[in-house]
Amino acid sequence: MPSAARLSSINLATLPPQVKRPAYDREALDIGIVHLGVGAFQRAHQAAYIDALLARSVGPWGVAGVSLRSPDTRDALEPQDGLYTMAVRDAEGERLQVVGCLRELLVAHEDPAAVLELMARPSVRIVTLTVTEKGYCHDPATGALNEDHPDIRHDLADPAAPRTAIGFIVEALARRRAAGLPSFTVLSCDNLPSNGDTVARILRRFAELRDADLGAWVAAGVACPNSMVDRIVPATTEADRARVSAALGVSDAWPVVTEPFTQWVVEDRFPAGRPAWETVGVEMVADVHPYETMKLRLLNGSHSTIAYLGYLAGYETVSDTMADPAFATLIRNLMDRETGPTLHMPPGADLDHYKDALITRFRNPALRHRTWQIAMDGTQKLPQRLLNPIRDRLAAGRPIDRLALGVAAWMRYVTGLDEKGQPIDVRDPLAPRLAEIAAASGGAPDRLAEALFGLTVVFGDDLPRDPRFTAPTVTALRRLFAEGARAVVAATA
């Protein structure tokens, strides 16, 4: 690091002139938004939009970030007065911006009472979430609350000391109701199908389990708009920290690195009020579903396919993978021939332009987006990214060769051994079960596939019974074991 001094409010004025910094009075901000799951994506996406909005007009939209698990973000940013640098990178270079809208940082498990007090403040109008798919404690195949989840059972038994985002939200709503305050709006920013509808269903059921009257109040008065978020934000590395700190002349313990592209589409349903997001590029619409499905299937589905196949082929990053012409051809054909035709977009939507932009983004060499990072939590991601478009393709009587290859690559990946016999660090909520299945299969692709198809939480009851799905998937898996990912991609593309 070039300096022992940390980025903070007192040294903002000393930063190099090319570094953009907050152009508003941070001390004048009230907390209007509480974000659960503060992390790299939120700081490069939602917070960046809020920062742009505050630069136009300071209003009651300061953000309080709550970490539900790790104290790392709080520990890094609290000594920096909540400030951090956003580095926007592409092949042409890097642009730095200090973001200032984070005004408070809390760690939920350290002081749940403080988090609940924060969420119950009259100034709070919106609670946003980026807690990943598993943070909703639901069944991905059905979208229903997993009532047997141990943390859900804990939160029902001890609502004043919750562990989950769902428990915190419902307890905060119960306190607002008791105090005669209106409910806040709950805005999910996670990659879930119909994320607002999903979180509404989960919240209502959890509230019902606590108290029938509370459940009715939540159902009647808590708005949960759907949204679609899109920006690639790789994990920050030590090299990123050193590079950004050198450019600033002071130390930033946790900058975020991202791409120029950003998109946020939000259903315009905020009875408690909202920021004027449309003034800074947020698309406020009546129906988010077409955009959400477009992103889940074209970007996220392609990302997962790249991640599993690319990792198996020995590529560390997305851009490394997409520099291989066979992979680039496979992914474009996946979008053009299989996932794209399942979409139903409103008039004026330009799918070809979006797909062109995705290929450019995937090839961005300035982003070191690791295939291993994207491969995490596959059991939570596969249903909406690959399996739902497979269902639509089968219903239309259309082939699924590339989609099936993506599923087979996940199956090969979760064996925990790569093509050179080296261990894979499989991160997944079902990792122990996946390891048991892999060990019991003995490396036989047919046995492995049959056992994995038995995970109804992933595949449901329909796909494992449909040979139009199982046959091409097992065939692709056999080939991955026998020929390797690179050869199979080249032959399938």
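We count residues from 1, following the sequence as given.
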Considering non-hydrogen atoms only, spot the tightest contact between [X] and [Y] and give its length.
X      : Y      : answer
Met119 : Ile169 : CE-CA, 3.8 Å
Ile232 : Glu259 : N-OE2, 2.8 Å
Gly143 : Arg201 : O-NE, 3.1 Å
Arg231 : Val88  : NH2-CG2, 4.1 Å
Ala160 : Pro112 : O-CB, 4.3 Å
Met411 : Thr473 : SD-CG2, 4.0 Å

Gap between atom [atom2] of [Y] and atom [atom1] of [X] - 0.5 Å precision:
X      : Y      : atom1 : atom2 : answer
Ile126 : His35  : CD1   : NE2   : 12.5 Å
Thr305 : Leu330 : OG1   : CG    : 7.5 Å
Ser319 : Arg370 : OG    : CZ    : 13.0 Å

Under a 3.5 Å cutoff, is there a donor and acceptor pairing between the side chains of [X] and [Y]?
X      : Y      : answer
Thr456 : Asp461 : no
Thr85  : Asp252 : yes
His289 : Ser194 : yes
Arg402 : Thr492 : no
Asn364 : Arg361 : no

Side-chain donor or acceptor of [X] paired with backbone N/O of [Y] under 3.5 Å:
X      : Y      : value
Thr130 : Gly37  : yes
Tyr308 : Ala375 : yes
Ser123 : Ile31  : yes
Arg153 : Asp148 : yes
Arg163 : Asp151 : no
Arg176 : Pro182 : yes

Can you find a pair of side-chain heavy atoms, one from [X] and one from [Y], that are under 4.5 Å apart?
X      : Y      : value
Leu36  : Thr128 : no
Ile152 : Thr164 : yes
Leu102 : Leu77  : yes
Asn146 : Tyr136 : no

Taking the basic N atoms (NZ, or NE/NH1/NH2) and the acidic carboxylate oxygens, is any pair closer than 4.0 Å for [X] and [Y]?
X      : Y      : result
Asp51  : Arg43  : no
Glu171 : Arg177 : no
Arg398 : Glu338 : no
Asp462 : Arg391 : yes
Arg175 : Glu117 : no
Asp155 : Arg210 : no

Could you list all the ring-ring contact (aromatic ring centres under 6.0 Å, His included) pairs where at least one residue sits in residues 350-381, not counting sequence neighbours?
His303-Phe362, His303-His369
Taking the six-membered ring of Phe270, is NZ or CZ of Arg125 closer than 6.0 Å to its centre and within 45° of its axis?
no
Report the C-alpha distance between Asp268 and Arg274 in whole Å, list the side-chain angles of each, state the deciding distance to 0.1 Å, and finish with yes or no for salt bridge (Lys or Arg N to Asp or Glu O under 4.0 Å).
CA-CA 9 Å; Asp268 199 357; Arg274 65 165 176 83; 2.9 Å; yes
ring-ring contact (aromatic ring centres under 6.0 Å, His included) with His45: which residues, sequence neighbours excluded?
Phe41, Tyr49, Trp264
For a quick test of your reading: what N or O donor-acceptor pairs under 3.5 Å do the side chains of residues 379-387 make, sequence neighbours left out?
residue : atom : partner : partner atom : Å
Thr379  : OG1  : Asp428  : OD1          : 2.6
Thr379  : OG1  : Asp428  : OD2          : 3.2
Gln380  : OE1  : Lys134  : N            : 3.4
Lys381  : NZ   : Ile374  : O            : 3.1
Lys381  : NZ   : Met376  : O            : 2.9
Gln384  : NE2  : Asn191  : O            : 3.2
Gln384  : NE2  : Gln380  : O            : 3.3
Arg385  : NH1  : Ser304  : OG           : 3.0

Glu92 atom CD: more than 12 heavy-atom contacts under 6.0 Å
no
Do other residues, nucleotides or ligands put more than 12 heavy atoms under 6.0 Å from His344 NE2?
no
Should Asp401 and Arg393 be marked as a salt bridge (Lys or Arg N to Asp or Glu O under 4.0 Å) after you check the CA-CA gap, both sets of side-chain angles, and the distance that decides it?
CA-CA 11 Å; Asp401 294 343; Arg393 294 286 289 174; over 6 Å; no
